[in-house]
Every structure is written in C-alpha cells, then in structure tokens.
2 protein chains.
Amino acid sequence: MLPRAEKKLQTRHTLLQSTLDLMDGGRGFCGLSLREVTRQAGVVPAAFYRHFEDMDQLGLALVQESTQSLLTAIRQVRHNELEVGGAIDASVRIFLDHVEANRQHFMFLAREQFGGSSLVRQAITNVYRQFSNDLMADLADMSRLKHLDREDLAILSDLLIKAVFSSLPDVLDHLESPATAPFDPQSALVHKLRFIMIGAKHWLGIRGGKDQRL
Amino acid sequence: MLPRAEKKLQTRHTLLQSTLDLMDGGRGFCGLSLREVTRQAGVVPAAFYRHFEDMDQLGLALVQESTQSLLTAIRQVRHNELEVGGAIDASVRIFLDHVEANRQHFMFLAREQFGGSSLVRQAITNVYRQFSNDLMADLADMSRLKHLDREDLAILSDLLIKAVFSSLPDVLDHLESPATAPFDPQSALVHKLRFIMIGAKHWLGIRGGKDQRL
DNA sequence: TCGGATAGTCAACAAATGTTTACTGAAATT
DNA sequence: AATTTCAGTAAACATTTGTTGACTATCCGA
C-alpha cells in the first residue's frame, strides 16, 4: 500500500484502539469525549475529523471492526458444526477462544448492545439479526431438529444467540479476574446451550404433550 | 407525612422521573448531564446536591426504585407459580404486564445492565444475582426438576433470568412500535422458556445419554 | 521537478459542564 | 413570638467540550 494512505489508516486504527483502551477503564462509549479519544491517540482534536464525522461514526466503525472478528469466529464455529459429535463443546470452545483473543472488541459489543448511542445500538441489533438468521439456517439442517417449523427455529436461534451474548459479560469478567463468577462461565455456557438444545429436541409443538404442561 | 419532608421527597422524585423521561429519547444514562436533569425537573443545578451527591448516586437510587417494581412483579410471579398448570404462561403474562406498567424503569434496567456507570452496573448485577438465587429456590421445589443438583439449578435459573432480561429490549420496543419485531415478543418469550424448561426436565447429567450428545 | 492534495498542527470560539459560595424565605422547633 | 433549619435560588468559577479556519509539511502524480 502507498505510505500515504497507509499512514492514514494507521492513525484511524489508533483512534479506534484508543477508544477501546479508554473503555477498558469500565466506562461506556457514550461517556467518552472526542477530545479524550484524540488525547489518548496522541493526536490533536481537529485531526479527528480527517477520519470520522463525529463520535457516532467512530462507534459504527467499531461495530464493523468487532463484527468482522465475530464473523470470523462464527464461520469457524459453523465449519466445526459439520463435524460429528460434541458440536456444542467444540463450538463454544472456538467461540470463546476468539472472544479471548479479541477481548476489547467483544466488551464493546456486550456493553453497547443496549447502550447510549442509538445509531450504534441499531447497528449491533442488525448484526444480531444477521447471526440469528445464519444460525437458523444451520439449525434447519440438523436432523434432530427436523420436527421444528420455521417459527420454532427462528425463536430457537434467537434464544441461543441471546444466551451466548448475555453470557459475554460473565466470560469477559472471568478473563480479567478468574474468581468473580460462582462457576466457570465457559462450562456454564455449554451447560445452558445443552438445556436449550435438549429442550428443542423434545419439543412437541406449542401446545405440548400433557407431560409438557409447565 | 410532614409537608416539609414531603415536599423534598416530591422534588427528589421529580429528579428521578426527569432522568427517565430524558432517557426516553433513546439516550443512555451516562449521556445525561446533571444540569440537563435539573433543567428538565425545573430546578436550579445547585438544588441537585440537596438530594444526591452526584449523578452516580442518582443512578443507584434509580436502580433501587426499578428494583422495587421488579420485586413486586417477581413476587406475583412466584405466588402464581404455586398454582397448578400453565405456570409459564401466567408468570410471563404477569411479568410483562408489570413491565408495561413500569416501562421506563425496565428500560433503565435493560439499558444500563452493562452500560456506562460501573457503580450502576454493579448494582444491577447484584439484583440479578439475587433474583437468580430466589428463582433457584423455587425451582428446587418443583417435582419435575428433582433430578437436578445444585449446580444444575444455579445454571438453569441464571439461564432463565438471562433469557427474560435479554428479551426485555424486544418487549419494550414492541410496546412503542408494535411492528418492529418479527414475532410477538411475549409469546416468543414463552416459547423460549418452554425450550429451556423442557430441556431441564429431560436433562440426564452433564455427560448426557448417548442420545444427548450434541 | 513542480504543483496540488491532504494528514495533522495550532489557536481560538462559544457553549456547556460540575461545583462552590452566599443568599432567601418558608417551615419547624423552642 | 423568636430562632433555627434547610430546600431551593442566584451568580460566579474554572474546566472541558465540539467545531472552525488558517497554517504547515509531506507525499503524490504530472
């Protein structure tokens, strides 16, 4: 690449990384100021506008960057699901390895999924929907779930995605101080996904059998 | 009550309510300024300090207020669980009715559970844990879950709580614009909880039977 | 080699923020 | 009736914020 544009990309990356670093202090994205970010990046405030229109746009870029990581992880997981036996264990392992390798990005996603900026929130919501749709397609191919109709599968995949992502904070906290949670978040997550998948396997329709009246 | 302290409590409540009103605009708690809140409340900035030390303390008060609402809902749910048949339907109905009646409070909880202020976040996390423990005690009394040990129950209740709360944003959005979600969030939530409870019922231990290898 | 493009600097601006200090007046206490 | 208490006001403060315009130095294409 040309050293001109390369340098620019490098600064842009520094701005994004500085934002993640500042958020490591436990603060949310909306609590950061433009000047703070540039200060952390070792750049003058005005330089910010060479890369982003405002903080919201930087947030969107951060969503995209994080999503890229996530997409990579998901594809590994989906590839792995084709193998036989212990798909959940292996998938969760791969997913969590990736979370560990991209801790800051996933912290950003976990913290801003319902957070301050509505633009960022909406972007993350769209990513969710996309992943949920992908997962639904995979689930539809599983032989032990053939008895589920489209709506069942949609709700099931949504539930699985929500279970994974709502466990993200536990996992991320556990990475930093491994004594916080009562259980190991990774095995707990596997446990939870098993509950769900077993339930899906024994699902008898919305009315349920008489033994399914809960 | 004496008209002196009563008036003070009223102003305090106005401050809290003003905060919720401002957050209705789609912004997060950490995006609000002290002056903004007092402006909305029709009070001079300095008056804020007669009630709260800083915005974080107001946030904690808001957690407590919201928690009170939630406790009320939960108690209704637990009482309802003692009745026979269709416990999930009825429980979810009651819970969601309460969410609807206290929309702003639950929006606050949903949005700030991982959000900006670490003090607020931690307070909400503690509430979660408490509810999860309560639910665990209830689950332990259910005859169809007698085969689960303490760890199973802990993880199960955590999963149920997470499923409910991660669905809160869907439910709240649906209240404002009932065409956003692909499905009705309420029935979807019932569906999800059924998946989980059925899975719990058929749970055969962490190693599972040979038909439970996922 | 020249001339334009441009990433980043510098300085300045109005506006908004959190916080403090002294005050006012009504309610509570004595 | 006199005095204290205190919720809310008024004004001022030092900072910080987002944004702008003119600049500088470097890289790029001609």
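In what follows, every chain begins at residue 1, and chains take the letters A, B, ... in the order their sequences are listed.
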Could you state the CG-C1' distance from B:Leu15 to D:dA7, rounded to the nearest angstrom? 12 Å

Decide, yes or no, whether a salt bridge links B:Lys192 with A:Asp158 under the criterion of side-chain N to carboxylate O below 4.0 Å. yes

Does any donor atom in the side chain of B:Gln130 or B:Asn126 lie under 3.5 Å from an acceptor atom in the other side chain? no

Is there a donor-acceptor contact under 3.5 Å linking the side chains of B:Gln40 and B:Gln17? no

When rounded to whole Å, the CZ to P distance for the pair A:Phe52 and C:dA7 reads 13 Å

Encode nucleotides 12-21 of chain D as B, S and - characters from 5' to 3', where the letter depends on protein heavy atoms closer than 4.0 Å: B to the base, S only to sugar-phosphate, - to neither. -----BBBBB

Does A:Lys8 put a side-chain nitrogen or oxygen below 4.0 Å from OP1 or OP2 of C:dA7? yes

Check whether more than 12 heavy atoms from other residues, nucleotides or ligands sit under 6.0 Å from atom CZ of B:Arg93, and answer yes or no. no

Which nucleotide in the set D:dT9, D:dC6, D:dC27 lies at the smallest distance from any side-chain heavy atom of B:Arg4? D:dC6

Is the closest side-chain donor-acceptor distance between B:Ser187 and B:Asp184 under 3.5 Å? yes

Closest of D:dC28, C:dG8, D:dG8 to the B:Ala47 side chain is D:dG8

Do the side chain of A:Arg50 and the base of C:dT6 come within less than 3.5 angstrom through a donor-acceptor pair of N or O atoms? no

